[in-house]
Structure formats: C-alpha cells, structure tokens
Amino acid sequence: MTAKRLRIFALLAISMMFLLAWAFPIIWSVLNSLKTDSDVLAYPPKLVFAPTLEAYRDVLFGSGSILPNLLSSVIISVGTTIVTMLMAVPAAYALARLRFRGKKFAGFYVLATQMLPPVGIIIPYFLVLRNIGWIDTYQGIILIYLSFSLPFAIWLLVSYFEDIPFEMEEAAYLDGASRLKTLWRIIIPQVRGGIAVTVVFVFLNAWNEFLFAVVLSGNTVRPVTVAMFNFVSVEQTLWAKLAAVSVLAMLPVVVLGVVAQKHIVKGLTVGAVKGGGRR
Amino acid sequence: MATTAVTSAGIASEAPRSDFGRVLAQRERRFAAALLAPAFLALLATTTFPLLFLVYTSAFRMDLAMPFTNGFVGFENYQVLLSDERFWTSLLVSLVYTGSTVALQVIIGLALALLVMDMKRGQGCFRVIAILPVVLSPAVVGMIWRTFMLAPEFGIVDFLAINAGLGSKNWLGDPTLAMVSVIAIHTWQWTPFAFMVLLASLASLPEDIYEAARLDRASAWQRFRRITLPLLRPAIVMVIIMRTMVALTAFAAIFTVTAGGPGTATEILNLYAYRKSFTELSIGYGSALAVALLIVTIIISGILFAMRRAK
C-alpha cells in the first residue's frame, strides 16, 4: 500500500513539475516586467521585490513608444481576418455543400498549398513587392498572410458547414428563396459559432507571424513581434522594457486562447484529419 | 394499352424533370464557381505563382549587392548547392532539429497524457496551462528564453545549473549547448500540442475494452502495448506529420534565439535559405536553397504518409 502511495506521490510530483515548466517562463516574464532593471539583473533572482509599472509607462508612452507597433499588429491582424473571412466563408460553403466537377481536386489544392515552406514564398514575393513599391505597406503584408490564413480558415469552416442538416436549405429553396439569399439568411446564422472560432484562430496566427513580417516591415508597418528587437541590441538589453513588451505581445493571444479553450484542439489539427497540412 | 399510357406518362413527366435537373445542376456549378473564385484567385496569387517564380528565380544569378553580375545561369545554382558544405551541414541540422523535437514532443506528450488521464482531479488545470505556450508567437517565446531563461547567472536555467553544481554555462554561445537550447525551446512550446491532441484521443477510447482486458488479468504494460498504443496510432501519426512539417520550416524560434549561430551551429536549411537571400542578398542561390527545402519537405511527408497508410 505504501509503495502504491509513493508511486502516486511521485507521479503527482512529476506532473506538477511539468505544469510549472510550462507556466513558469510566462509568469517570470510578467514578474520581470514589474521590476526595475537592477531587480531583473539581481543574483540570485528575486521573487520578492517592490513592483513598479515604470517599464510599462516607458514602453507605452516614453520615447520609442511601441504603441505604433501595437497598432500595426492590430491593423495587420484585423485586416487579415476580415479579408480572409470574406473569401473563406463562401469558398468553404461551396466545398462543403455544393456539387460541381473538380471538387475533390479543389479541396486537395487548398491542402497542398500549405506544404510550401514560407521562406519559398517570401523570396519571390519580396521581389514582386519591391518592384511595385509595396514593401512596408499594409496591403503587401495582408496579401501574403492570405497564403497561410486562407487554407486554414477554409478547412476549419468546411468542418462546421458539414455539420448542418441539408433539410434547412431544401426548405428555403421550396419557399422560393435564391441560393445567395439562402446562404446569407439560413446557412450563415447556423455556423455563427464556427465562424467565431475561425476568426479567433486567424487573428491569432496573424498576430504571431514573424518571418513575413521581418522581411516586409519598415518604418510604417512594424508589428510588435518585430519591434521587440529594438530592446535587445549588441550594446545593451533593456531588460524590464523587453519583459513589458513581451507581456503586451502575449496578452491578446493568451486571452483569445483561454476564451477559445474548448476549440483549440480542433483549431490546431484542422485539415490533418483529411490529409496533411499544418498550422 | 394501359401499359403504354403509363410509360408515356412516365416519360412525359420524366423529360421536363431531367431538363429542370440539368438547369439546376448548371446553376449550382455556376454558383459554386462564383463562391470559390475569390479564395482560389488569392491562393493562386499567394502560393502557386510564388512557387513558379521561385523555381524561375533559382535559375538566375541574382545578387542584390552586385547587380552587375546578374543573369541566367541555368542549373548552376543547383550544382553549387550540391558541393556546398554549408548546405549539407544545414540539412543535417534540420534533420537533427526536426527528429529530436518531434520525438521529444510525442514521448513527453504521450507520457503526460497517460498520467493526466488517470487523474481524478486537476485535469482542467492541465488543459488551461497547456494552452499558454501553444498560442504564443514563437518570436516572443524565443525572446523570453534567450533573455530571462538562458542569460548567464540571473537567467533561471543558468541559475538552476549553478545550484545543481554544473556551473554557469554559455547556453547560446557554445555550439552543442546552443543546439540543445533551441531544441529544448521548441519542445517546451509544442509538447502541450501533442499532449492536448493525445489526451483528447485517449478520452475517446472505449472503456469496455479495458474492462475486458482487466478481467483477462492483462498487466498495465500489456494494456498499454496491446490496446492503447494501437488505438492511439492514428492520432500519434497525425501529430508526427503535423509537427514534422512545422519543425522543418521553423524560423522565428531559432532566429530570435541564436539567429543560426554560433557560426552555423543552429542554422537549419530554412534559416540558411533566409540568410542567403536577405542577409547576404544572393536571391538566386537562396531560391535554389528554398526549392531544395521544398523537395526535402515533399520527400519526408511522402515517407510519413506512406507510414500512415501502412498498417
């Protein structure tokens, strides 16, 4: 009996250790963002200290404020989400509900586009955007974000469209409603939940993107993920400020992630059930 | 007489219906085309067109720093690539990085899922905490680890190493330790993904099989080996496929931590293609490297999908 107890205790300890390991870097960043630089650099590391909001004040309202970068991130993410949804909802409906030749191929094509390594997309894209003067513009960055947000959104939405019963549409057609009207009035309201989940994930992925952003950003368009580098230079690291910026960059996605908690496994594995694909 | 009447009536009513049906089917096709057009045009423009242009670019010498040397070179970039030691090294680093991170994610994720599955209380706690790393930007994760976790002395990992008697280490300056660090960071961020998927899959397994196995006095190990593992196989293979594709093209998580360094110790093929194109500005050769990465990705996913089909 004692051996069994010991085993249970050991397993509990191991699982607690993993919980701590996952949460700690995030908690530690939050704590560091409330310290002064000298407290961050203290050895041994300080768990108890006089908290201050100084780092946040400097980062938000001081010189070299990251407010424009936060705004940049918001514009990119919201813009990507809107354009993606406008295109993905109709496409997903067609793939899930309508009969037409080449449907299988169309679905496969959407999945296959996700196989392309992003670096293979950004090299030619950079050349084209440079030629038409779209580097450091919102339209340039939002357009290329469609390369990963569209396939993802289409596949996630297809899974929701497939869940609604066909009778609803048939009843509407019998009443003489047009196809477009039926889609807008009958079908879309049925998948509101699925659309909301898709919006969350598209926003999240756009907010977190880094490779395209680092190549295409400049003085006008520079999201937080890229702007963070300003706080780490060869000469010096602005420790507390870096922590504050990290926390600000994490905040929206952590909130969204916890809100969409129940759907996260579905959102992360979308497309994989049918073929390959990745986030 | 009566039968002809019936058949002719049948034909009469059949003919307009099939006509009507054809019109409906045609309308449905047109409607589908209209709905699909915007998304597919966008996908063509943002994925297929860049791919073709990438392959085209890889046949040129295109050096933004020395534009006067630019021109068509055919397969020369690929010939250079085959004898480029840095390419082979980066390919090896890619395979080590991908292989070790995916293996660690699956093993730790599965072990933890089995552990948590047996817990009567506190499962919810795991489910919430596991979300945190997964939703974060790899760029932010890399930045946090590089500074607050791995910095010498006051970085928590180094602090723990000192207290464990290992002494202060140069976690990102030593080639081997840097590789270990970037692998650990990737594993830290994505093990919760494997954990969540496998836990969900475990929860959906039928209880009665285990009941029967228990009646047959199967040991815990036998139950795991003979029942759980085979039933979980599809989920495990799916996790392996998805995580392999991402690890092969990981960028931010290495770029923000070591930028491929020290030297080229943590430079995976993806990062080499980026550095060649945007740091050294040799876009033609960088394109050839990106095409090579695409070919590697296709080969590896081909192998994995064959694995998935094989029983």
Q | Residues in salt bridge (charged side-chain N to carboxylate O under 4.0 Å, His left out) contact with B/D158, at least two apart in sequence or another chain | A | none
Q: Please look at B/M149 and chain A and tell me whether the side chain, the backbone, both or neither of the residue comes under 4.5 angstrom of a heavy atom of that chain.
A: side chain
(Q) Using ring centroids (six-membered ring only for Trp), state whether B/F159 and A/Y43 fall under 6.0 Å. (A) yes
(Q) As an exercise: rank A/V224, A/V253, A/V83, A/V89 by heavy-atom pairs under 4.5 Å with chain B and give me the winner. (A) A/V253
Q: Could you tell me whether a side-chain N or O of A/N208 sits under 3.5 Å from a main-chain N or O of B/P138, the two making a donor and an acceptor?
A: no
**Q.** Among A/I154, A/V245, A/L150, residue most engaged with chain B (heavy-atom pairs, under 4.5 Å)
**A.** A/L150
Q: Would you confirm whether A/W28, through its side chain, and B/G155, through its main-chain N or O, come within 3.5 Å as a donor-acceptor pair?
A: no
(Q) If I take atom OG1 from residue B/T256 and atom CZ from residue A/F229, how far apart are they, to the nearest 0.5 angstrom? (A) 5.5 Å
Q. Would A/V214 and B/F278 satisfy side chain to side chain contact (heavy atoms under 4.5 Å, CB included), going step by step from the backbone distance to the final call?
A. CA-CA 10 Å; A/V214 87; B/F278 297 109; over 6 Å; no
Q) How about B/F195 and A/F18: are their ring centres within less than 6.0 Å of each other? A) no
Q: Test side chain to side chain contact (heavy atoms under 4.5 Å, CB included) on A/V110 and B/F40 and set out the steps.
A: CA-CA 8 Å; A/V110 174; B/F40 274 73; 3.7 Å; yes
Q) Taking it one step at a time, do B/F31 and A/Y93 satisfy side chain to side chain contact (heavy atoms under 4.5 Å, CB included)? A) CA-CA 11 Å; B/F31 189 55; A/Y93 171 73; 3.9 Å; yes
